[in-house]
Protein chains: 2
Amino acid sequence: MRLIIAECSVDYAGRLSAHLPRAKRLLVMKADGSVLVHSDSGSYKPLNWMNPPCTVSVLTPSAEQALVGVQQVWQVQQAKTDDVLMISIFEVLSDISHELGDDPGLIKDGVEKHLQELLADQLHLIEEGASLIRREYFTAIGPVDILLRDANGSTVAIELKRRGDIDGVEQLTRYLELLNRDPLLAPVRGIFAAQEIKPQARKLAEDRGIECLVLDYDAMRGIDDGRPRLF
Amino acid sequence: MRLIIAECSVDYAGRLSAHLPRAKRLLVMKADGSVLVHSDSGSYKPLNWMNPPCTVSVLTPSAEQALVGVQQVWQVQQAKTDDVLMISIFEVLSDISHELGDDPGLIKDGVEKHLQELLADQLHLIEEGASLIRREYFTAIGPVDILLRDANGSTVAIELKRRGDIDGVEQLTRYLELLNRDPLLAPVRGIFAAQEIKPQARKLAEDRGIECLVLDYDAMRGIDDGRPRLF
DNA sequence: TGATGTATCTCGGCT
DNA sequence: AGCCGAGGTACATCA
């Protein structure tokens with residue numbers, strides 16, 4: 001990994017065109033050839049970048065560029081597409097390199113699937129007397145998140161999202177249409193469950209006779225393992 | 001901006017929990033207090049990070065931590081949420097700081113909105129005799145990109161995408177359904193316009209009687225400002 | 001390998 | 001401030 005602090009301007013051409021005027025910035029060149037251009041603020045997304053695989057060529061500046069003080073031009077070329085990043089360097093303030101080696105990688109815990117497991121374990125949140133048919137009930141058009149039988153013995157399909165958007169309602173609608181063709185299951189009604197449900201999605205769901213259910217993830221997790229989230 | 005190359009392990013707790021085992025990594029601390037943890041590969045997304053506003057406190061390692069060789073523990077605390085990043089540093093290999101100052105920011109060109117403006121100015125691309133009703137025609141379920149009246153006086157709704165996917169067809173279908181309930185507008189037909197249209201999306205659109213239109217952005221821009229895209 | 005769904009999404013625009 | 005849509009989305013999972 002090579003870290004350069006430099007006064008530079010940057011041009012990108014690819015899916016879109018973008019230009020960064022002259023300023024001091026951090027240039028990161030990773031071992032896989034990727035390049036990041038970072039300013040001293042903003043969040044993790046660089047101002048500009050190039051994904052691997054790519055090749056970096058150092059060009060001599062044109063007469064015009066030399067005249068305005070450009071010392072080097074770095075051309076970063078994507079190997080697979082024709083995306084290209086041109087970095088014009090006016091002054092290098094710092095330039096260090098280090099071998100970092102492979103990274104063991106991130107271990108994540110506590111995502112979406114977890115919500116499904118929790119809800120399957122806490123069917124009383126949906127309604128009393130419900131019993132699980134199965135999680136990830138497979139159909140020709142994809143898996144239904146949760147399928148269950150209510151106290152009256154009729155079938156309920158649940159679509160689960162972290163954020164309840166229109167797409168999720170469309171998805172559940174398609175499942176319901178399909179499931180209702182199955183005489184062993186029909187009639188099947190739907191519940192759209194999410195940590196938050198967008199007004200548009202709620203409207204659409206209600207128009208279609210789909211019930212909406214807002215879930216409290218922290219509470220569900222709290223019931224399940226009894227401890228608040230800590231290290 | 002402070003750049004540290006260090007042997008470290010990292011724990012994050014917030015929306016999810018995540019752990020990075022001990023390895024050499026780049027730690028970037030920006031002027032606004034945000035922190036990035038980068039490895040020597042992968043794309044621009046850091047392995048772990050904390051968004052501003054946040055505060056960094058350097059803690060003395062616990063007896064347990066000291067025993068395994070931790071020299072310092074950095075606690076990066078989000079100011080608004082309770083997200084926290086704990087960075088255990090075993091060895092610092094490099095530590096430099098530079099003042100970068102404010103960044104003038106990125107200048108973009110060639111995005112979605114531009115395409116909409118161009119198309120609204122070049123209605124002949126859609127069909128002769130068409131006249132604009134309005135761009136961003138608002139409905140209860142969202143804005144229709146372009147609404148126009150064709151040579152016969154009937155209404156046409158256009159959904160515009162850079163990449164024409166099934167979602168876009170679904171979206172246009174919903175608009176059409178709604179617009180056709182309005183006696184002042186009905187009958188409304190739809191055109192799905194994009195720089196490229198996926199086969200699945202085309203099939204679905206045609207099944208629903210929606211016309212597909214592939215746009216040549218460069219040509220449209222060329223007509224508009226006369227110059228091809230170059231640096 | 002391509003399609004699909006999620007994200008500690010980020011970012012900009014608008015209400 | 002919040003909501004909504006797009007992204008050079010990135011990223012993981014699954015067919």
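Chain letters run A, B, ... following the sequence lines, proteins first, then strands; residues in each count from 1. Because only heavy atoms are used, hydrogens play no part in the values below, and waters and symmetry mates are left out as well, while side chains stay in. Here the structure is a predicted model, which is why all the values come from computation and not from measurement.
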Check your understanding: In whole Å, what is the span from the CH2 atom of Trp49(A) to the P atom of dC11(D)?
Key -> 11 Å
Check your understanding: Please give, in whole Å, the distance from dG5(C) P to Glu159(A) CD?
Key -> 9 Å
Check your understanding: Does the pair Glu206(A)/Arg202(A) count as a salt bridge with the N-to-O cut at 4.0 Å?
Key -> yes
Review point. Between Lys45(A) and Gly42(B), who's closer to the 5' end of DNA chain D by nearest nucleotide?
Key: Lys45(A)
Practice item. Check the distance between dG5(C)'s P and Asp145(A)'s CG and give it to me in whole angstrom. Key: 11 Å
**Study point:** Rounded distance in Å - CG (Asp83(B)) to P (dT10(C))
**Key:** 10 Å
Review point. If you look at every heavy atom in Tyr137(B) and Leu179(B), which pair is closest and at what distance?
Key: CE2-CD2, 3.8 Å
Review point. Tyr44(B) has a side chain; which of dA10(D), dC11(C), dA6(D) sits nearest to it?
Key: dA10(D)
Check your understanding: Contact class for Met50(B) vs. all strands (heavy atom < 4.0 Å): base, sugar-phosphate, or nothing?
Key -> nothing
Point to revise | Spacing of Arg202(A) atom CZ relative to dC4(D) atom P, expressed in whole Å | key: 13 Å
Check your understanding: At under 4.0 Å between heavy atoms, what does Asn51(A) touch on the DNA or RNA strands: base, sugar-phosphate, or nothing?
Key -> base
**Study point:** Protein-nucleotide distance (Lys30(A), atom NZ; dA10(D), atom C1'), rounded to Å
**Key:** 12 Å
Check your understanding: What is the distance, rounded to the nearest whole Å, between atom CD of Gln78(A) and atom C1' of dA10(D)?
Key -> 14 Å
Check your understanding: Leu106(B) CG to dG7(D) P: how many Å, rounded?
Key -> 14 Å
Point to revise | Pairs meeting criterion salt bridge (charged side-chain N to carboxylate O under 4.0 Å, His left out) with involvement of residues 24-52 of chain B, two or more places apart | key: Asp103(A)-Arg25(B)
Exercise for review: Quick one: list whatever passes side-chain hydrogen bond (donor to acceptor under 3.5 Å, both in side chains) with Thr81(B), sequence neighbours left out.
Suggested key: Asp83(B)
